[in-house]
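Every number for a ligand or one of its atoms is a count from 1 in the order of the listing.
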Amino acid sequence: MAEAGRVPLHTPLGLLAELTHRCPLGCPYCSNPLALEPRDGELDAATWARVFGEAAALGVLQVHLSGGEPGARRDLVEITAAAHDAGLYTNLITSAVGIAADTLHKLADAGLDHVQISIQDGAPESADRIAGYDGAFARKRALAAAVVGLKIPLTVNVVVHRANIDRIEAMVALALALGAGRVEVAHVQYYGWALRNRAALMPSAEQVTRAATAVERLRKRHHGEIVIDAVVPDYYARLPKPCVGGWGRRSLNVTPSGKVLPCHAAESIPGLEFWSVREHSLAEIWNSSPAFNAFRGTAWMKEPCRSCARREVDFGGCRCQAFALTGDAAATDPVCHLAPHHADVAALAAAQDDAPYAYRHM
Ligand code: SF4
Ligand code: FES
C-alpha cells in the first residue's frame, strides 16, 4: 500500500453527504452497507455546516445531498442552506418519497441548485413493486413536476436490472415527459445489500445488448432534447470503470455519523481505518487518513495493473469490486479482461435465478 505523503495529492471536486441511512423504500439493489448507521448517531446540522466550509476550502465544488433518503432529515433545509452558503453547488439525490411540496419551496429558497430523482420503472405497478413501496411512483411524478415548476434542473436516475432493462425506452420517455434535462441509466452495482440479490437482478447478455442498442437509438432520436448517460454494466464489460475517478483522487464520502470514506462502499473492505469529521478536519482526512492513502497512486498495484498502460486511466478499476469478487482489495478488478479472475465474472453473470427479492428495510 502507498505511504502517506508519497503520492501527489489531487484536489477533491465532489463530496457525497450521506445525511441519513433512513429510507422509506426497500429497493433490492440498495448499495448502502449491510450495517446501517442509526438515527441517534447522525451528524447535526452545525457539524455538516462546518464540514461544507472545510470542503469548499479544500477545493470541493459540488455537494451531493444523499442518503438513504435525505428527506428523512427534518433539518434538510438548514443543511442545504449551509452548503449553499459555503459556496458549493448543491445537488439533492432523492427517492422523492418524504419531500413535501412546501419543503421543496424552502429548499429552492435555500439555494438548491439541482435535483436527481430515481425511478424504478416506466409504469406505476412495476415501479412500486421494485421499490417495495405502494404509491412511490405517483409521488415521484408529483415531485418531479414541482421541481420543474420551480425551474430547478432535474435529472432522472434509472437503475436498470433484469426486471426493467427491456423498458429503457419507456423510462426515457417518462424522463422527457417529466421535464428532465438528463437521464442517467445506471446498472445495479453489486455492493452492500445488492450483492444479496445479484442473481435475481442480473440481466442476461441478450438484454444488455438490446439495451445498448436502445440507448444509441434514443440518443439519436432525442438529441438536443435530453442527455442520456449510460455505461455498459460491470459484469458484461471488457474494461473496468475508473471507479470514483481513482481512489482518494477526486471525491469524498461522508457517512451519516461522520466517517469519511474514499468511496460509497469502502467499508466493505476489511482492515481500512476511516477517520471521522468529529475528530479531524476534512483537510487532515484528505491528506493523511490511512483509508484514503491505502490505494492512492499506483504503488499498491499488482500485476497486470502495475505494468499496464491504462493504470492511470482506470486506476485498476474498483477496489470494492475486486475485494467482493476475489477477497483481495489490491487485486485487478476482475471486470478487466486481463485480470486472472475475469472468467469468474462471466460465471456470476450467467448465474441468474428468479428468487423473490430480499427487500431492504431498516
Ligand atoms: Fe486497467 Fe489493470 Fe486492466 Fe490495465 S490490467 S486495463 S490497469 S484494470
Ligand atoms: Fe469502492 Fe469502487 S465502489 S472503489
Side-chain angles (χ1 to χ4, degrees), residues 1-2 7 10 12-16 18 21 29-35 64 66 93 157 159 184 186-196 198 201 231-255 259-275 285-286 289-346 348:
M1 290 187 184
V7 178
H10 292 261
L13 301 177
L15 183 138
L16 182 69
E18 291 180 0
H21 276 157
Y29 54 73
C30 179
S31 62
N32 276 339
L34 291 180
H64 305 283
S66 176
I93 302 175
N157 290 352
V159 180
E184 198 176 295
H187 291 265
V188 171
Q189 305 271 308
Y190 298 103
Y191 314 124
W193 190 265
L195 207 47
R196 291 196 176 179
R198 180 171 56 197
L201 293 166
V231 291
V232 178
D234 281 349
Y235 282 50
Y236 289 100
R238 201 171 159 269
L239 289 167
K241 59 185 183 286
C243 198
V244 289
W247 184 276
R249 202 168 163 275
R250 285 303 188 202
S251 62
L252 308 117
N253 188 92
V254 183
T255 74
K259 278 183 278 181
V260 189
L261 319 178
C263 74
H264 180 64
E267 288 175 288
S268 64
I269 300 175
L272 291 180
E273 180 185 334
F274 304 106
W275 288 2
I285 295 170
W286 180 254
S289 148
F292 273 81
N293 284 317
F295 302 110
R296 267 193 173 126
T298 54
W300 56 271
M301 288 180 175
K302 299 179 175 174
E303 293 296 350
C305 294
R306 181 178 278 264
S307 55
C308 178
R310 286 181 57 87
R311 67 185 179 276
E312 295 196 30
V313 176
D314 62 33
F315 311 102
C318 174
R319 296 304 86 227
C320 301
Q321 187 149 265
F323 178 76
L325 298 182
T326 73
D328 177 5
T332 297
D333 184 338
V335 163
C336 177
H337 69 112
L338 300 170
H341 292 273
H342 184 61
D344 298 354
V345 176
L348 288 167

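Only side-chain heavy atoms of Pro240 come within less than 4.0 Å of ligand 1; its backbone N, CA, C and O stay farther off. Contacts between Asp333 and ligand 1, counted as non-hydrogen atom pairs separated by less than 4.0 Å, are absent for every part of the residue. When heavy-atom distances to ligand 1 are checked against a 4.0 Å cut-off, Cys336 comes that close only through its side chain, counted from C-beta outward.
Against a heavy-atom cut-off of under 4.0 Å, Arg310 is close to the following atoms of ligand 1: 6 (S), 7 (S). Proximity to Thr332 (heavy-atom distance under 4.0 Å) selects the following atoms of ligand 1: 2 (Fe), 8 (S). Residue Cys243 has at least one heavy-atom neighbour below 4.0 Å for each of these atoms of ligand 2: 2 (Fe), 3 (S), 4 (S). Close approach of ligand 1 to Arg311 is summarised as follows: ligand atoms under 4.0 Å from at least one heavy atom of the residue are 7 (S). Distances below 4.0 Å separate heavy atoms of Leu239 from the following atoms of ligand 1: 6 (S).
The nearest heavy-atom contact from the protein to atom 4 (Fe) of ligand 1 is Cys308 SG, 2.4 Å. Summary of contacts: the protein heavy atom closest to atom 2 (Fe) of ligand 1 is Cys305 SG, 2.3 Å. Atom 4 (S) of ligand 2 has as its closest protein heavy atom Arg319 N, 3.4 Å.
Put simply, Cys318 gets within reach of atom 2 (Fe) of ligand 2, with an N, O or S atom under 2.8 Å from it. Taking 2.8 Å as the criterion, His264 does not count as a coordinating residue of atom 2 (Fe) of ligand 2, since none of its N, O or S atoms falls below it.
Aromatic ring centres of Tyr190 and Tyr235: separated by under 6.0 Å.
Looking at His342, its side chain does come within 3.5 Å of a backbone N or O of Cys336 through a donor-acceptor pair. In this structure, Arg306 contributes its side chain and Lys302 its backbone to no donor-acceptor pair below 3.5 Å. When atom types are taken as modelled, the side chain of Arg311 and the backbone of Cys308 share a donor-acceptor pair closer than 3.5 angstrom. With Trp300 contributing its side chain and Phe295 its backbone, the two residues share a donor-acceptor pair below 3.5 Å.
In this structure, Asp314 has a heavy atom closer than 4.0 Å to ligand 1.
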